[in-house]
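Order of appearance sets the numbers: ligands from 1, and atoms from 1 within every ligand. We use all heavy atoms of the structure for the numbers below, so side chains are in, but hydrogens, waters and symmetry mates are not.
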Amino acid sequence: MPIFDYQTEDAIGSVYSVDTGTVLLSVSNLDALRRMQVNHLVVLRSSRAGQHLIGLINKIMRKALVGVNEDEQDDNDIQDDSIAVENIVRLTLIGTLLDAVGTEQNVFRRTLETVPEIDAPCFMLGGERLTGFMRAISKQIVEGQEPLSLGKYTLDEEADAWIDGNRFFQRHAVVVGSTGSGKSWTVARILEQVAQLPNASALLFDIHGEYSPLDGDGISHLKVAGPGDLTANKTLADGVLYLPYWLLTYEEMLAMLLDRSDQNAPNQAMVFNREVTDAKRAYLESSKKDEVLANFTIDSPVPFEIQAVLERLIFLNEERVEGARKGTTKAGDFNGKLSRFIQRLDAKRQDRRLGFMFSAGDDAMRYEWMQELATVFLGSTKVRGAGGVKIIDFSEVPSDILPLIIGLVARVVFSVQQWTDKDKQHPVALLCDEAHLYIPERHESGVSEQGLKSFERIAKEGRKYGVGLAVISQRPAEVNRTVLSQCNNFVAMRLTNAEDQSVIRRLMPDTLGGFAELLPILDIGEALVVGDAAMLPSRIRIDEPTKHPSSATVDFWDRWAAENVEDGIADAVEALRKQQSSAE
Ligand SMILES: Nc1ncnc2c1ncn2[C@@H]1O[C@H](COP(=O)(O)OP(=O)(O)OP(=O)(O)O)[C@@H](O)[C@H]1O
Ligand SMILES: [Mg+2]
């Protein structure tokens, strides 16, 4: 049965003018005009039988032209019939509903196969017809795939809002909203469905450790080792992650170790390059990796002894060579020039907070370590026998090198995937919470520049290799524009800051007109969903996830009003000193 069984006499108005995707309606029925609302849907009769154009209302205008029939005016008294009222409604066409395509009934297409004709009748879309329409759309999305459900349409609470899980991850997604608008909950809602799939593979970068309550068969938790984990000798088997320094590229190492304002910086970089290359070569020679040896570069992820490099640098820094006259000596080429570099390297090496890199243990110094790590990152539920959704807790990584470390993980994932045979590539999604911290628009340091590179590549080329990106942020204006512009799906929650709104508005398809105006007035947990994965640009009330991220908003007033409080300050100060949470 066609859903749109409108009769001409149901019309609320007719097409007044048409301009590519924008249509002006003249609405004769005042009652209908009152019931119309911006961002609601209307149906236009198409010139082709069995097709209906769907429009999204942008603007409702009522213009009164007083005294049109001037000659009929008696005295100063304006009669009702002397006021000509023009009721104009502006809409954007968003697609076509076909009564039937082959054996399929009520098929929605996002294309406009025809444009409406002048005077074509227009109908309200509400009540049962709306529910029928929304269901038809959902059915179409769900057909042939496991559904990804977000919640319910605000427009029609009867209809489930599904999105296309393939397109959502294929063409990258953005989840934005001011703090407390419900992004983390939305991510949890999506992830718990990802985890249900028998062969899922996704990584979530959890900066504050707020996703620890999420659990279940498909979910596993990993944590970048903090000082406490080092002391307790935790390993990968305990879900503790080490990212040894030898995984870093040369540029990444320099970003961390080199002070570019030092006048000896070029010398330091040059010597470091030479010594690291030598150390990697020595490793490859002693472990008889001849093939790798023939082609390796300084950036190749090959283990080497940083201790040996440091000793060489110290030697060169103190070296004296034979002078011009026999029996005399003079300072070597690098004598005294490496002091500050050595100091920085040594300080990093001894920093307990960087233990996950520099004190990763013998295990992480093995050649095979990288493939074990990559298996953890990229392996799906089946491959690893553990959760396909991997939540990586970065809460103990110092914030100054956070971009570098997350970028490193993303780079390892992307490059291993890139080198995997096409027929063996298993798609993987990277979900980046608090993305403004490590995919920044403006980078002040080399550290964030290095991290950003990985994400820019994934945003641009990830689709081809089956690496999907979901950028999650409360400050879209501070997230890198190149990365954002590659994202084709938007889940935009309440956004109050004008700068952030305008960034999102510019990224959304401009045919949507006033849809983005809703951003500041959305409720908590409500989102505008626009893009590839959603058939219709829609406002959706996101359902609560079964397990809530621990990002709960603190009730100041209630807590202040409560009588009993536990004092945790002394423990906190001690934890701060030990760089280790007192709960451990
Ligand atoms: N779908 C929802 N339904 C009902 N309440 C919600 C929903 N989403 C979020 N909330 C409420 O809003 C609070 C904040 O949500 P959430 O932690 O997801 O915000 P956020 O956008 O991630 O914030 P931040 O930017 O600070 O990380 C939650 O603790 C919850 O009380
Ligand atoms: Mg959050």
Side-chain angles (χ1 to χ4, degrees), residues 148-157 159-163 168 173-194 202-215 219 221 389 391-395 397 399 402 406 429-441 469-479 484 487 489-501 503-504 518-529 534 538-559:
L148 172 53
S149 142
L150 288 183
K152 300 266 190 276
Y153 293 105
T154 307
L155 208 53
D156 181 9
E157 305 247 321
D160 286 316
W162 307 106
I163 57 172
F168 189 74
V174 181
V175 180
V176 290
S178 305
T179 174
S181 58
K183 297 179 298 297
S184 299
W185 281 36
T186 304
V187 170
R189 165 100 193 138
I190 294 172
L191 278 184
E192 65 187 23
Q193 294 174 73
V194 172
L203 276 79
L204 170 67
F205 303 139
D206 180 4
I207 312 306
H208 305 298
E210 59 183 294
Y211 291 91
S212 52
L214 270 64
D215 62 6
I219 296 179
H221 290 271
V389 171
I391 298 175
I392 308 182
D393 179 341
F394 286 89
S395 60
V397 176
S399 59
L402 182 73
I406 298 189
L430 305 180
L431 294 99
C432 312
D433 201 1
E434 310 284 355
H436 50 277
L437 296 177
Y438 50 94
I439 314 181
E441 168 65 356
L469 204 59
V471 175
I472 304 148
S473 173
Q474 47 175 290
R475 285 304 323 267
E478 288 178 8
V479 177
L484 278 184
C487 299
N489 291 291
F490 300 89
V491 178
M493 315 202 67
R494 189 177 65 200
L495 209 48
T496 43
N497 178 296
E499 201 188 341
D500 293 325
Q501 285 171 19
V503 167
I504 293 303
L518 286 170
L519 286 173
I521 58 166
L522 293 169
D523 195 3
I524 288 176
E526 236 190 344
L528 297 184
V529 181
S538 25
R539 180 170 172 179
I540 294 175
R541 182 165 289 285
I542 312 277
D543 278 345
E544 283 190 23
T546 36
K547 294 279 168 53
H548 301 159
S550 58
S551 54
T553 316
V554 176
D555 292 322
F556 280 63
W557 207 255
D558 294 352
R559 294 283 294 277

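Side chains of Val471 and Val479 form a contact here, defined as non-hydrogen atoms less than 4.5 Å apart.
Checked by atom type and distance alone, the side chain of His221 never pairs as donor or acceptor with a backbone atom of Asp215 at under 3.5 Å. No side-chain donor-acceptor contact under 3.5 Å links Ser181 to the backbone of Ile524. In terms of modelled atom types and a separation under 3.5 Å, the side chain of Lys183 and the main chain of Val175 share no donor-acceptor contact.
Considering backbone and side-chain N/O of Ile524, none are found under 3.5 Å from N/O of ligand 1. The distance criterion of under 3.5 Å between nitrogen or oxygen atoms is met by Trp185 with respect to ligand 1. Close N/O approach between Lys183 and ligand 1 is found [any backbone or side-chain N/O within under 3.5 Å]. Between Gly177 and ligand 1, a contact under 3.5 Å exists for no N or O pair.
Of all the atoms in ligand 1, the ones that sit under 4.0 Å from a non-hydrogen atom of Gln474 are 25 (O). Close approach of ligand 1 to Gly525 (heavy-atom distance below 4.0 Å) involves ligand atoms 1 (N), 2 (C), 7 (C), 8 (N). Per-residue contacts place Ser184 under 4.0 angstrom from the following atoms of ligand 1 (heavy atoms of the residue considered): 17 (O), 18 (O), 20 (P), 22 (O), 27 (O).
The pair Glu526-Arg539 meets the salt-bridge criterion, since a charged nitrogen lies less than 4.0 angstrom from a carboxylate oxygen. A salt bridge links Asp523 with Arg541; the closest basic N to acidic carboxylate O contact falls under 4.0 Å.
Relative to atom 4 (C) of ligand 1, the option among Glu526, Arg541, Glu544, His548 with the closest non-hydrogen atom is Glu544. Summarising the contacts of atom 1 (N) of ligand 1 with Asp433, Asp543, Ile542, the nearest heavy atom is found in Ile542.
The Mg ion (ligand 2) lies under 2.8 Å from an N, O or S atom belonging to Ser184.
In Glu434, the part holding a heavy atom less than 4.0 Å from any atom of ligand 1 is the side chain. Contacts of Thr179 with ligand 1, taken as heavy-atom pairs under 4.0 Å, involve both backbone and side chain.
Within the structure, the closest approach of Pro549 to ligand 1 does not fall below 4.0 Å when heavy atoms are considered.
Using bins of under 30°, 30° to 60° and over 60° for the plane-to-plane angle, the ring pair Trp185/His548 lands in the parallel bin.
The two residues Asp500 and Gln474 make their nearest non-hydrogen contact at OD2-O, 3.8 Å.
Between atom OG1 of residue Thr186 and atom CG of residue Leu150 there is a gap of 7.5 Å, rounded to the nearest 0.5 Å.
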